[in-house]
Colleague: 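Input: one structure, supplied below.
By convention here, the first residue in the shown sequence is residue 1. Since we're looking at a predicted model, the values are computed, not measured. Remember, it's 1-based here, ligands and their atoms both numbered in the order they're listed.
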Amino acid sequence: MTLPSAGPAAEQWDAAVAAIRALGGAAPIQLICHVSPDGDALGSMLGFALGLRRLGHTRVRATFPGEFSIPTPYSAMPGLDLLVPEADAYPEPDLVLVFDVAAESRLGGLAALVAAAPVSVVLDHHASNTGFGTIRLVDPRAAATSVLAEQLIERLGVPLDTEIAECFYVALATDTGSFKFDATTVAVHELAARLIATGLRPGDISRRIFDTRPFGAMKLAGEVLGRAVLEPAAAGGRGLVWTYATLADLARHDQPPYVLDTLIDPVRSVAEADVTVLVKQVSEGEWAVSLRSKGAVDVSRLAISQGGGGHRLAAGFTGYGEPGDVVDTVRRLLDDYLN
Ligand code: 5GP
Ligand code: MN
């Protein structure tokens, strides 16, 4: 078994700090996170953007590729005033920082900007990270990208304030499933304690990001969960549970796509299945496929084989055809994986 590699080397940390310290206060700095941003992508990026402002940088912009809409749970996050649509990114920034992006494919049209930047610092925690960027702060053991962002903020001498802390807390709470997943170490709780100590109200934040949704999203969830299929014999007898959601489902309930992001959680709680698949329509014949395992399967290997990526127990890829075709592919990948 390959042990997970250690965290970023000291030279990478030093290079990142030096790259930021070398910039004048008016140098344009562009921050980027992944398409369809989640709490970790937005939280790590905006918390770091606020840290740069505290350091005296006046030209700081944050963005992500694709449609410029912020999921409602994150619409009160500090630092949103620094967020701009992809089209308004600095065309020639002196420095680019990339957050929670496992592969350049997740950068959409912004990949060229990253490639052209004189310096690009990549902060990420995906084991499947493809190795792009000139300075790499990548730690697959980190529970969230915000763990790396907070360390870099500290190395730059920026004290945590309530706004930066709220961004990092949202990121940490999102990617640990509210401090439930395996990566929830002592260090994660110590970081959470430091963040809360700035004056956060974890109950309010959790209610806002996890426990609030429109009535239509609840009804939509009911339909999607109602059509779930359990295949106890699949995945070598470890069991597979899957369901799907179409654009028509979203339209019928007048809901935006992000309401599907957390729908995998009730599905993956099914006791009779190790592997969970949620197939979400992106466009005609194109589907965002979410994979989860309880431990028997490294789903990131399945996802990578399809051009996607992720973590050992949580990964995703783009699938094509009908939902049944996508699930056929996953069944086949599971058979190959387990044999
Ligand atoms: P989710 O199922 O919650 O969308 O994603 C689970 C994990 O897999 C996340 O860490 C996410 O970044 C990663 N992931 C999901 N879809 C893709 C994809 O299409 N490509 C890559 N590289 N990673 C993905
Ligand atoms: Mn993340």
Colleague: Might you list the protein residues in contact with ligand 1, defined as having a heavy atom under 4.0 Å from one of its atoms, sorted by chain and number?
Modeller: R106, H126, S290, R292, G308, G309, G310, H311, A314, A315, G316, F317
Colleague: Would you say that D161 contacts T198 through its side chain, given a criterion of any heavy-atom pair below 4.5 Å between the two side chains?
Modeller: no
Colleague: Around the Mn ion (ligand 2), list the protein N/O/S atoms within a radius below 2.8 Å, excluding water molecules.
Modeller: D40 OD2, D100 OD1, H125 NE2, D175 OD2
Colleague: State, with a plain yes or no, whether a side-chain heavy atom of V275 is found less than 4.5 Å away from one of K294.
Modeller: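 With C-beta onward as the side chain, the pair stays apart.
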Colleague: Would E272 and R238 pass as an ion pair if we require N to O under 4.0 Å?
Modeller: no
Colleague: Taking the side chain as every heavy atom from C-beta outward, state whether D94 and V119 have any pair of such atoms under 4.5 Å apart.
Modeller: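 No. Closest side-chain heavy atoms not under 4.5 Å.
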Colleague: Please determine whether salt bridge (charged side-chain N to carboxylate O under 4.0 Å, His left out) holds for the pair D204 and R207, giving the CA-CA distance in whole Å, both sets of side-chain angles, and the decisive distance to 0.1 Å.
Modeller: CA-CA 5 Å; D204 290 351; R207 210 162 13 257; 2.9 Å; yes
Colleague: Any side-chain heavy atom of V289 within less than 4.5 Å of one from T318?
Modeller: no
Colleague: Is there side-chain contact between T243 and V279, with at least one heavy-atom pair below 4.5 Å?
Modeller: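 Not in contact.
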Colleague: Flag this pair as yes if the NZ/CZ of R227 is under 6.0 angstrom from the six-membered ring centre of Y244 and inside a 45 degree cone about the axis; otherwise no.
Modeller: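 Ring-cation test returns yes.
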Colleague: Using the ring centroid of each side chain, check whether F210 and F179 are separated by less than 6.0 Å.
Modeller: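 No, the ring of F210 stays outside the 6.0 Å limit from the ring of F179, centre to centre.
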